[in-house]
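Reckoned from all heavy atoms, side chains included, excluding hydrogens, waters and symmetry mates.
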Amino acid sequence: MKIIRISNNEQPEFDRELIASLPASGPRYTSYPTADRFHKDFNEQEYIRTLELRQAGALNKPLSLYIHIPFCDTICYYCGCNKIITKDKTRADEYLNYLEREMDLLAPHLNGKQPLAQLHFGGGTPTFLSDGQLDRVFAMIHRHFNLLPDGEYSIEIDPRKVSRETVLHLGKLGFNRMSVGIQDFDPKVQQAVNRIQTVEETRTVIEAAREAGFKSVSVDLIYGLPHQSLESIKPTIDTVLGLDPDRLALYHYAHLPHIFKPQRRIDTAAVPSSEEKLDILQYAVQRLTEAGYVFIGMDHFAKPDDELSVALREGFLQRNFQGYSTYADCDLIAIGVSAIGKIGSTYEQNERNITDYYAAIDQGRLPIMRGYRLNKDDILRRNIIQDLMCRFALDFHVYQDIFGIPFEQYFATELEDLKQMAQLGLVKLHRHSLQVTPKGRFLIRNIAMVFDYHLRHRETTAQYSQTV
């Protein structure tokens, strides 16, 4: 692909009226096609066939490993993740037994110990595991994979449950990137979502990460939580800037109590209005950019010298199931209940229910629940959406040369829609290229949706998050 570089001075432009006028919800495009298109016809045999192609050398991409740890010992009412609430640590021992068996089932299809360019622990709460349990997981990893000196190895952290010593232990295991959940420091908001977290314990884990030599510390905030307001968010933003994270994510809270049962404990009347949420977002974006953070895309910001900012400027930014990444496109092996992987032109997801996950492994089979094999059109559109999300530009000739299609004819309908977006100031259309404007960068999901064949042509029962 042709490398498209982003100007360092090109800050996003926040146009409230435009944001309010466009469709409010849409996919986040951590994959294309999106996970609601996965189907049960893609099963264990399909997955094994894909792994064997990789083993034979047909797929020559770096390898990434995702491990899902589903346990949390308390429930955050806003959360829509696949999780198991328990304080019983022995449940994790049983789960690790099955993780080990799943890795053993995969081993014959991996062609020996594979180098890992990326490793990510997600959840749930990965640090629900004790230091000893984490040691056990890394022993499994080392049996089947080789960690690289320049690899990207990350873990999601709940500061309420992690000591300085544990963070130092994580560094010794090999983790070098950390995502720290904060959401909001306002006591009233914390009480409303059942997540009481002090600034001090948050600062402790961030300082310990720096002491341990972590290359990057990211923090997560959520806007749109109950009792949040423009005035209430200001101290939280100031405090977060004082913690000096390398990266920051500002996620929109999707209040869907009919889908996520824990959200039924949230007072709907206390959730900010759409106007109030835009007030909060507009202030946060202005404050972060004034503080020197670079807008990476969607809801992510990073310091100018952070690897994400460098990758954005140099045109090497990528996007995967964990969000934005600096590595070239990787094949992803996913381990654990509900985990989603990507090998070549396929996606595969493990059983979402832990009983079904255990039962599959007890039967001696990989616990694949569903998946998807991309066709040529899917691959073409996946590349286009990746370029839009990560480079904010398209060069039509690139796709003509690689896929052998007359771009303007193939995407005639899409280009008509893009002309309307050009009139709104979201994109600049040229004869053989497209450039997303600073105004359009906040609405990149809406622009990417133009190229989503499945969204355009097929019905779906999926409910997507708000695009801004």
Side-chain angles (χ1 to χ4, degrees), residues 1-15 18-19 21-23 26-34 294-298 300 308-320 324-329 374-457 467-468:
M1 285 291 187
K2 180 180 177 181
I3 300 304
I4 302 170
R5 290 178 168 80
I6 303 297
S7 168
N8 219 10
N9 300 319
E10 194 172 282
Q11 292 293 353
E13 183 181 333
F14 196 90
D15 188 325
L18 185 56
I19 290 169
S21 71
L22 290 174
R28 292 184 61 81
Y29 293 116
T30 51
S31 72
Y32 178 83
T34 50
V294 174
F295 177 63
I296 300 299
M298 288 181 53
H300 285 67
L308 281 184
S309 297
V310 174
L312 174 66
R313 287 196 303 272
E314 297 299 320
F316 294 107
L317 191 67
Q318 296 289 325
R319 187 160 175 78
N320 56 31
Y324 284 104
S325 168
T326 59
Y327 260 82
D329 187 24
L374 284 73
N375 59 34
K376 185 177 179 181
D377 179 76
D378 291 327
I379 295 169
L380 166 60
R381 292 172 186 270
R382 178 168 74 177
N383 277 277
I384 288 172
I385 289 172
Q386 177 88 187
D387 274 343
L388 285 171
M389 302 293 285
C390 297
R391 284 164 275 287
F392 302 105
L394 299 178
D395 182 336
F396 303 164
H397 284 134
V398 169
Y399 304 100
Q400 291 182 175
D401 293 344
I402 293 176
F403 292 91
I405 53 106
F407 192 95
E408 286 84 352
Q409 294 177 32
Y410 195 96
F411 292 111
T413 303
E414 288 81 355
L415 287 170
E416 285 301 313
D417 290 346
L418 289 168
K419 286 178 183 177
Q420 297 177 31
M421 290 192 163
Q423 291 174 357
L424 293 171
L426 292 171
V427 299
K428 290 181 179 179
L429 269 176
H430 307 289
R431 187 176 178 186
H432 298 298
S433 65
L434 174 155
Q435 184 76 42
V436 178
T437 66
K439 188 182 293 187
R441 288 180 64 186
F442 265 113
L443 292 154
I444 192 62
R445 287 163 71 181
N446 295 82
I447 298 169
M449 285 160 63
V450 170
F451 288 95
D452 189 330
Y453 176 91
H454 301 275
L455 200 62
R456 182 183 293 272
H457 293 281
T467 55
V468 177

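Here the side chains of Val450 and Met421 are in contact, with some heavy-atom distance below 4.5 Å. In this structure the side chain of Leu18 reaches within 4.5 angstrom of the side chain of Lys439, judged on heavy atoms. Side chains of Lys376 and Arg381 form no contact here, defined as non-hydrogen atoms less than 4.5 Å apart. Residues Ser309 and Ile296 have side chains in contact (heavy-atom distance under 4.5 Å, counting atoms from C-beta outward). Side chains of Leu388 and Leu434 form a contact here, defined as non-hydrogen atoms less than 4.5 Å apart. Between Met449 and Tyr29, the closest side-chain pair of non-hydrogen atoms falls below 4.5 Å. His454 is listed as a side-chain neighbour of Tyr32, based on a closest heavy-atom distance under 4.5 Å. Here the side chains of Phe407 and Leu380 are not in contact, with every heavy-atom distance at 4.5 Å or above.
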Worked check of side-chain contact (heavy atoms from CB on, under 4.5 Å) between Leu317 and Thr326: CA-CA 5 Å; Leu317 191 67; Thr326 59; 5.5 Å; no

Given side-chain contact (heavy atoms from CB on, under 4.5 Å), test Phe411 with Ile384 step by step and report yes or no. CA-CA 11 Å; Phe411 292 111; Ile384 288 172; 3.5 Å; yes

Using side-chain contact (heavy atoms from CB on, under 4.5 Å), reason through Phe392 and Asp387 one step at a time and then give a plain yes or no. CA-CA 6 Å; Phe392 302 105; Asp387 274 343; over 6 Å; no

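With sequence neighbours left out, the ring-ring contact (aromatic ring centres under 6.0 Å, His included) criterion links His430 to no other residue.
With values rounded to the nearest 0.5 angstrom, Gln318 atom CD is found 10.0 Å from Phe316 atom CZ. With rounding to the nearest 0.5 Å, the separation of CD1 in Ile379 from CZ in Phe403 is 6.5 Å. The distance from the CG atom of Asp15 to the CG atom of Leu426 is 8.5 Å, given to the nearest 0.5 Å. Atom-to-atom distance recorded for Phe442:CZ and Phe295:CZ is 4.5 Å, nearest 0.5 angstrom. Rounded to the nearest 0.5 Å, atoms CZ (Arg445) and CD1 (Ile385) are 12.0 Å apart. The structure places CG of Leu443 at 9.0 Å from OG1 of Thr437, a figure rounded to the nearest 0.5 Å.
Put simply, the side chain of Gln435 never gets that close to the backbone of Val427: no donor and acceptor are under 3.5 Å apart. Between the Arg456 side chain and the Glu414 main chain, no donor and acceptor come within less than 3.5 Å of each other.
Residues Ile447 and Gly440 come closest through the heavy atom pair CD1-O, 3.7 Å.
The pair Glu314-Arg391 fails the salt-bridge criterion, with no side-chain N (NZ, NE, NH1 or NH2) lying under 4.0 Å from an Asp/Glu carboxylate O. Remark: Asp378 does not engage Arg382 in a salt bridge, criterion side-chain N to carboxylate O under 4.0 Å.
The aromatic rings of Tyr324 and His300 stand perpendicular to each other, their planes meeting at an angle above 60°, with 30° marking the opposite boundary.
The ring of Phe396 has its center no closer than 6.0 angstrom to the ring center of His432.
Applying the salt bridge (charged side-chain N to carboxylate O under 4.0 Å, His left out) test to every pair with at least one member in residues 418-433, sequence neighbours left out, gives these pairs: Glu416-Lys419.
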